[in-house]
Amino acid sequence: MLGVKELVDSTCLRSVPFNYIFLKTPEDSTLYYETQNIPIIDFSELTSSNPNERSKAIQQLGDACQDWGFFVLINHGVSETLRDEVLRASQRFFDLSEKEKKEYVGQDIFDPIKYGTSFNVMVEKTLFWRDYLKCYVHPHFNAPSKPPGFRETLEEFTRKGREVVDGLLKGISLSLGLEENYIQKRMKVDLGSQVLAINYYPRCPNPELVMGLPAHTDHGLLTLLMHNELEGLQIQHNGKWIPVYPLPNSFFINTGDHMEILTNGKYKSVVHRAVVNGKGARISVGTAHGPCLESDVGPAPELVGDDNPAAYRAIKYRDYIHLQQSNQLDKKSCLDRIRI
Ligand code: OGA
Ligand code: NI
């Protein structure tokens, strides 16, 4: 199937083809601007050697995970130069010819490198205005060898991402009253799965008629996301859709389904979506950091009790990804399939 970028580049599109038209309900179309309330976490405080500063940041982190499942991370130590290079190299990847990109068209969910369009074209009737490149980058690093330098840039960027996640998981473990390395050990994060997803949302002649990525939650423990100069991410908070805007050199972080399972629902996986725009192509780069693919994930025994019984059944991370990715991406979170 032709990518959206190819469709836009090869024809003089004045309106979107009917199979991309995404019908929204009035609730889906109403936006709430609550940007001022979105939590901001300072990574340098979270990893500070000053115990007071650190414990304050841990408290803020716990509150952000509990109340929002989402926060903006600043002072994370990933350089702006590296971030810009990832975005530029991603543009160069999508600028390759369709023939070159087609080398990476995969057949299977667990293909180490996969280029594609929409979300799951095998089951979708309405297509999403999005092309993507997905790579499993940990415990084994996989990335395309084209364009030159892309692989090296991604390797450095995804390694830095793991350092950030390490600091966040320590803070999250402590915020739950658990030992600092609890989540890393229980989820075998040193063998953890890290999936890089680069989303390319071409400029659209009728942006309000299509969807980039519909409402969904991410699998895994935490997702780090950044994008180029064009916005498009929206999160659902108390049933309302809120567009989110980054601070300079920040990451958007959201908790994933496996954080919700592990914490027995204390830290909820945030529902989010991506809309497109008529100004230009939006590129977003996300990394989903999860347990080891072979880990069985269920609620942590320390977080369940007589008054708080286990709310999810344990499932192997690999099987969960399979369940999510072989179906349609829709409002119903894949979590509903394993809720007790
Ligand atoms: C994702 C995602 C949002 C965006 O890739 O899972 O939610 O803004 N992306 O591209
Ligand atoms: Ni997502």
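Scope of the values below: all heavy atoms of this structure, side chains included, with no hydrogens, waters or symmetry mates. Sequential numbering from 1 along the given sequence is applied to the chain's residues. Order of appearance sets the numbers: ligands from 1, and atoms from 1 within every ligand.
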Can you classify the ring geometry of Y33 versus Y245 as parallel (below 30°), tilted (30 to 60°) or perpendicular (above 60°)?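 If you compare the ring of Y33 with that of Y245, the planes turn out parallel.
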Can you tell me how the ring of F93 sits relative to the ring of Y104, calling it parallel under 30°, perpendicular over 60° and tilted otherwise?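 Plane angle between 30° and 60°, so tilted.
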Exam field: side chain [X] to backbone [Y], donor-acceptor pair closer than 3.5 Å:
{"X": "K134", "Y": "Y115", "result": "no"}
{"X": "N228", "Y": "L230", "result": "yes"}
{"X": "D111", "Y": "D108", "result": "yes"}
{"X": "S48", "Y": "S44", "result": "no"}

Could you tell me if [X] sits above the aromatic ring of [Y], with its cationic atom closer than 6.0 Å to the ring centre and no more than 45 degrees from the axis?
{"X": "K240", "Y": "Y32", "value": "yes"}
{"X": "R318", "Y": "F110", "value": "yes"}
{"X": "R159", "Y": "F141", "value": "no"}

For ligand 1, would you mind listing the residues that have at least one heavy atom less than 4.0 Å away, ordered by chain and number?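 Within the 4.0 Å shell of ligand 1, which is judged on heavy atoms, sit N199, Y201, L213, H216, D218, L225, L233, H272, A274, R282, S284.
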Please give me the protein atoms (N, O or S only) lying under 2.8 Å from the Ni ion (ligand 2), ordered by chain and number.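 Near the Ni ion (ligand 2), the protein supplies H216 NE2, D218 OD1, H272 NE2.
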